[in-house]
Amino acid sequence: MAISANDLMSKVQSGFVVERLEDMDENYKKALKQTLMIVGDTELLSVPPLLTVYKDAPNLNYKITALAVMQDEIGHAHIAYRLLKDLGEDVQSLLYKRPPNKWKNPFAFDFKLNNWVELGVFNGLFDRAGYTLLGDAHQHTSYGPWKRALVKVDKEELFHLRNGEIIMKAAMKEPETAKQVQEAIDWMFIMSLEFFGVADNLKSRSSQLDYKLKGKTNDELRQKWMSTAVPFCESLGLNVPAQYNEETRKYDLLVPFPCKFDVENKRWKYDEPDTWDNVIQRFKQRGPQNQEFVNRIQKGYQQLEEYRNEAI
């Protein structure tokens, strides 16, 4: 007998851990698949931007560490896609036949990085967002196989963001590279806030919370990210568009959020507030390197298919 949605929600809210397909209702499975798809795409598509500048590392140790971070990200993606396969998804088609604009990675990952320092800020801010999101999932998720896999992921994401902090600290010692850190912060800070999704009052679906696939709301996760990102940036003397409010004990943004973004120049238009509907439309249109980065992942598979067809 199939379990009802209300029965499953009650069970997971009481601490039940979902282990098998037979434990799920269709809504749980759908929400889980959507979550894992976003996670897998985000992890995998974080690698091409890093590859654009890792060769510019100032020494061999930095280069080896950057490669280790990318290897971790591919491993994290493998976990998400492997779980999707267990849920009945055709992962080979998802990876190698899906059009670039159908991937679910953050908009921020559709851009090349300008320099080595930006790789550090990428780790310091974006991997901090990943650590915040996946740390919450690790703590709260009701899906047992994912919870166990996230033990490894959680530790490695912390390593990634610490690597970013090390690079940022080192870069602040010289005027030229310190300027690069600030310039990267200027476009990446708000991008990081977008990682967590639409504002709570506009979110139409609550399946992730109802089924305990995550524990905190989007706005709560944004606050958690800022609680470490803002003090760290301020400790380096960087300017960020947020400050702590002693009365509310929350971080206030000092600029409109969301606001319009100049894609060509990677610059936020703080004098032009935007709507989440427009932001979502921007996400769907994808960024300038979306096709190039996805093609890089799919190229080997597609060439092998061509060789096979020629041999028939």
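Keep in mind that the numbers below use all heavy atoms, side chains included, and drop hydrogens, waters and symmetry copies.
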Heavy-atom side-chain proximity of [X] to [Y] below 4.5 angstrom:
| X | Y | answer |
| --- | --- | --- |
| Asp154 | Tyr131 | yes |
| Val153 | His138 | no |
| Lys179 | Glu183 | yes |
| Glu89 | Leu94 | yes |
| Tyr54 | Val69 | no |
| Glu157 | Leu150 | no |
| Ser46 | Phe126 | no |
| Ser207 | Leu213 | no |

Could you report the tightest heavy-atom contact between [X] and [Y], atom names first, then the distance?
| X | Y | answer |
| --- | --- | --- |
| Leu83 | Pro145 | CD2-CB, 3.8 Å |
| Val117 | Gln180 | CG2-OE1, 3.2 Å |
| Phe109 | Asn105 | CB-ND2, 3.7 Å |
| Asp136 | Gly215 | OD2-N, 2.8 Å |
| Ile79 | Ala149 | CG2-CB, 3.6 Å |
| Trp116 | Asp56 | CB-O, 3.9 Å |

Practice problem: Could you please spell out the steps behind the side-chain contact (heavy atoms from CB on, under 4.5 Å) verdict for Asn27 and Met9? | Solution: CA-CA 10 Å; Asn27 289 330; Met9 283 183 191; over 6 Å; no

More than 12 foreign heavy atoms under 6.0 Å from [atom1] of [X]: is that the case here?
| X | atom1 | value |
| --- | --- | --- |
| Gln291 | CD | no |
| Lys212 | NZ | yes |
| Lys63 | NZ | yes |
| Lys155 | NZ | no |
| Glu264 | CD | no |
| His140 | NE2 | yes |
| Gln13 | CD | yes |

To the nearest 0.5 Å, tell me how far [X] [atom1] sits from [Y] [atom2].
| X | Y | atom1 | atom2 | result |
| --- | --- | --- | --- | --- |
| Phe196 | Thr217 | CZ | OG1 | 11.0 Å |
| Leu221 | Phe195 | CG | CZ | 13.0 Å |
| Asp277 | Thr275 | CG | OG1 | 5.0 Å |
| Trp276 | Phe283 | CH2 | CZ | 5.5 Å |
| Gln243 | Leu254 | CD | CG | 4.5 Å |
| Phe16 | Tyr211 | CZ | OH | 12.5 Å |

Charged N to carboxylate O below 4.0 Å: is that the case for [X] and [Y]?
| X | Y | answer |
| --- | --- | --- |
| Arg20 | Asp23 | yes |
| Lys11 | Asp7 | no |
| Glu19 | Arg148 | yes |
| Glu305 | Lys97 | no |
| Lys250 | Asp219 | no |
| Arg128 | Glu165 | yes |

Looking at [X] and [Y], would you say the former's side chain and the latter's main chain have a donor-acceptor pair under 3.5 Å?
| X | Y | result |
| --- | --- | --- |
| Gln182 | Asn239 | yes |
| Thr228 | Trp225 | yes |
| Tyr81 | Leu36 | no |
| Ser142 | Val18 | no |
| Asp127 | His160 | no |
| Asn245 | Asp252 | no |
| Lys147 | Gln139 | yes |
| Lys55 | Thr52 | yes |
| Arg286 | Trp103 | yes |
| Gln298 | Leu95 | yes |

Quiz item: With a 3.5 Å cut-off and no angle check, do the side chains of Asn265 and Lys269 form a donor-acceptor pair?
Solution: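 Checked: Asn265/Lys269 side chains show no N/O donor-acceptor pair below 3.5 Å.
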
Hydrophobic cluster identity match, [X] and [Y], side-chain contacts under 4.5 Å:
| X | Y | result |
| --- | --- | --- |
| Leu209 | Leu8 | no |
| Met172 | Leu161 | no |
| Ile297 | Met70 | yes |
| Ile38 | Ile74 | no |
| Val263 | Met191 | yes |

Practice problem: Could you walk me through whether Glu43 and Glu73 pass the side-chain contact (heavy atoms from CB on, under 4.5 Å) test, one step at a time? | Solution: CA-CA 5 Å; Glu43 299 283 12; Glu73 302 292 23; 2.4 Å; yes

Quiz item: Asp41 pairs by side chain to side chain donor-acceptor pair (under 3.5 Å) with which of Lys104, Lys102, Arg98?
Solution: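 Filter result, single survivor: Arg98.
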
Practice problem: Go through the steps for Leu87 and Leu21 under the test side-chain contact (heavy atoms from CB on, under 4.5 Å), then give the verdict. | Solution: CA-CA 7 Å; Leu87 296 170; Leu21 280 168; 3.7 Å; yes

Exercise. With side-chain contact (heavy atoms from CB on, under 4.5 Å) as the test, would you mind laying out the steps for Phe261 and Asp274 before giving the verdict?
Key: CA-CA 9 Å; Phe261 183 67; Asp274 209 350; over 6 Å; no

